[in-house]
Q: 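Pasting in a structure now, in structure tokens, and then I'll have a few things to ask.
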Number of protein chains: 2
Amino acid sequence: MDDKTMQPLLQHMLCLDLYAANQAVHRVYKPLLAPLGLTYLQYLVMVGLWERDPLSVSEIGTRLGLESNTLTPMLKRMEAAGLITRRRDPGDERRVNISLTAEGDKMRAAAGEIQRCLMEATGRSEAELLRFQEDLRGLIGNVKRAAEDG
Amino acid sequence: MDDKTMQPLLQHMLCLDLYAANQAVHRVYKPLLAPLGLTYLQYLVMVGLWERDPLSVSEIGTRLGLESNTLTPMLKRMEAAGLITRRRDPGDERRVNISLTAEGDKMRAAAGEIQRCLMEATGRSEAELLRFQEDLRGLIGNVKRAAEDG
DNA sequence: ACATAATATATCGTGCACGATATAATCAGT
DNA sequence: ACTGATTATATCGTGCACGATATATTATGT
């Protein structure tokens, strides 16, 4: 008989805060990435490749929670922009390996400062962020399990 | 000289968890909203209207962090689906008032159960969710401020 | 070796997001 | 009353998201 259950209010909905958090993060990243000609999602792909190169489309997909229907067009745009190359894996012709170009690799130099800006934007210490991240990941795990089980 | 600063890793990036949280929430809502013919964002508009009716386009925009470039097409789809009406405000012809149709108002009945499912999906108590929401809102406030100040 | 299933990517259509811009209505200051 | 600024919505183009589907390649079982 709780009002919040019977009559949802936007003010109380956590999902709206998660949505707003993404919007806010997006808006901090945008001006930082604009000089590099990267979108937010393209930057996440780059971070993945700076860490390990090459990655297949599905390996990128696992990291970002996306599939080829989203990734293929995006990776083609990044290829057209000269950031990455797309080549069929000789060992398994179903796979497409994504690698950084020299230009894409050079952008790595800008990443440290971008991350510093983001950390600073949160106004939280590294320890506070870690604790929050742990909490958030627990919640994500629960929600994902609920989504799968129906 | 921290590695996490110099060389960002996807594993450490909070923004990726926020992104994943939205994906997960979206996936829980989708099957619950499909019977109503609503998308996730359309549902949020409905929640706003169940709370207060009418709302202008910009009032909806304030609540969801969106502007007419996103809302106008979406509201037109909702109008075509018979969920809402769009009428110029007689007192200020610049504004467009959005109101629920009888059909849209009836959907209110399904909202309680949907919210119950979502709460349950988080696997957290109401008190835990409130604490998390407070923490998240603090973080959003900081990030928004950083985005505005540049 | 061969038929079948599973896997990896690509394509298509619809619905957000959002910067840039356009248009019309209202407001403010003279 | 008039001009310029402000406000509210709409339009356009590009880039995600994602369900559904198609195609090609590899793996599996007989």
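Here is the naming used below: chain letters follow the sequence lines, and residue numbers restart at 1 for every chain.
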Q: Looking only at the side chain of B:Arg95 (C-beta and beyond, no hydrogens), which of the listed nucleotides D:dA8, D:dG15, C:dC18 gets closest?
A: D:dA8
Q: Go nucleotide by nucleotide along DNA chain D from the 5' end; which of A:Glu93 and A:Leu41 gets its closest nucleotide reached first?
A: A:Leu41
Q: In whole Å, what is the span from the CG atom of B:Leu33 to the C1' atom of D:dC18?
A: 15 Å
Q: Whether B:Lys30 contacts C:dG15 is assessed here as follows: a side-chain N or O lying under 4.0 Å from the phosphate OP1 or OP2. Is that the case?
A: no
Q: What is the distance, to the nearest angstrom, from the CE atom on A:Met78 to the P atom on D:dG15?
A: 12 Å
Q: If you assign A:Thr70 and B:Leu66 each to the DNA chain C nucleotide with the nearest heavy atom, which residue ends up on the more 5' nucleotide?
A: A:Thr70
Q: Have a look at A:Asn69 and say if it touches a base, only the backbone sugar-phosphate, or nothing, with a 4.0 Å heavy-atom cut-off.
A: base
Q: Nearest whole Å is fine: how far is D:dA17 P from A:Leu44 CG?
A: 9 Å
Q: Is there a donor-acceptor contact under 3.5 Å from the side chain of A:Trp50 to the main chain of A:Gly104?
A: yes
Q: Rounded to whole Å, how long is the line connecting atom OH of B:Tyr29 with atom C1' of C:dC16?
A: 17 Å
Q: Categorize B:Glu67 for me: base, sugar-phosphate, or nothing, with a 4.0 angstrom heavy-atom threshold over every strand shown.
A: nothing
Q: Answer with yes or no whether the side chains of B:Thr122 and A:Asn142 bring together a donor and an acceptor at under 3.5 Å.
A: no
Q: Rounded to whole Å, how long is the line connecting atom OH of B:Tyr19 with atom C1' of D:dA17?
A: 7 Å
Q: Need one value for B:Leu71: base, sugar-phosphate or nothing, where a base atom within 4.0 Å counts as base even if backbone is also close, heavy atoms only.
A: nothing
Q: Please tell me if B:Tyr40 has a side-chain N or O lying less than 4.0 Å from either OP1 or OP2 of C:dG15.
A: no
Q: Does D:dA10 have OP1 or OP2 under 4.0 Å away from a side-chain N or O of B:Arg86?
A: yes
Q: Select base, sugar-phosphate, or nothing to describe what A:Ser58 touches, counting heavy atoms under 4.0 Å on all strands.
A: sugar-phosphate
Q: Between A:Thr101 and A:Leu83, is there a donor-acceptor pair closer than 3.5 Å when you use the side chain of the first and the backbone of the second?
A: yes
Q: Check whether any side-chain heavy atom of A:Leu16 lies under 4.5 Å from a side-chain heavy atom of B:Leu64, and answer yes or no.
A: yes
Q: Over 60° means perpendicular and under 30° means parallel, so classify the ring planes of A:Tyr40 and A:His26, tilted if in between.
A: perpendicular
Q: Do any side-chain nitrogens or oxygens of B:Arg27 fall under 4.0 Å of OP1 or OP2 in D:dA17?
A: no
Q: Hey, is the side chain of B:Ser68 pairing donor to acceptor with the base of D:dA10 inside 3.5 Å?
A: yes
Q: Please report the distance, rounded to the nearest Å, between CD in B:Gln42 and P in D:dC18.
A: 16 Å
Q: For B:Thr39, report the nucleic acid contact type (base, sugar-phosphate, nothing); a contact means any heavy atom under 4.0 Å.
A: sugar-phosphate
Q: Contact class for B:Asp89 vs. all strands (heavy atom < 4.0 Å): base, sugar-phosphate, or nothing?
A: nothing
Q: Nearest whole angstrom, please: distance from the P of C:dT9 to the CE of A:Met74.
A: 14 Å
Q: Is it true that B:Arg116 and B:Glu120 have a side-chain N and a carboxylate O under 4.0 angstrom from each other?
A: yes
Q: Under 4.0 Å between a side-chain N or O of B:Lys76 and OP1 or OP2 of D:dT11?
A: yes
Q: Just N and O in the side chain of B:Arg94: are any of them under 4.0 Å from OP1 or OP2 of C:dT23?
A: no
Q: Whole angstroms only, please: what is the CD-P distance between B:Gln23 and C:dA17?
A: 13 Å
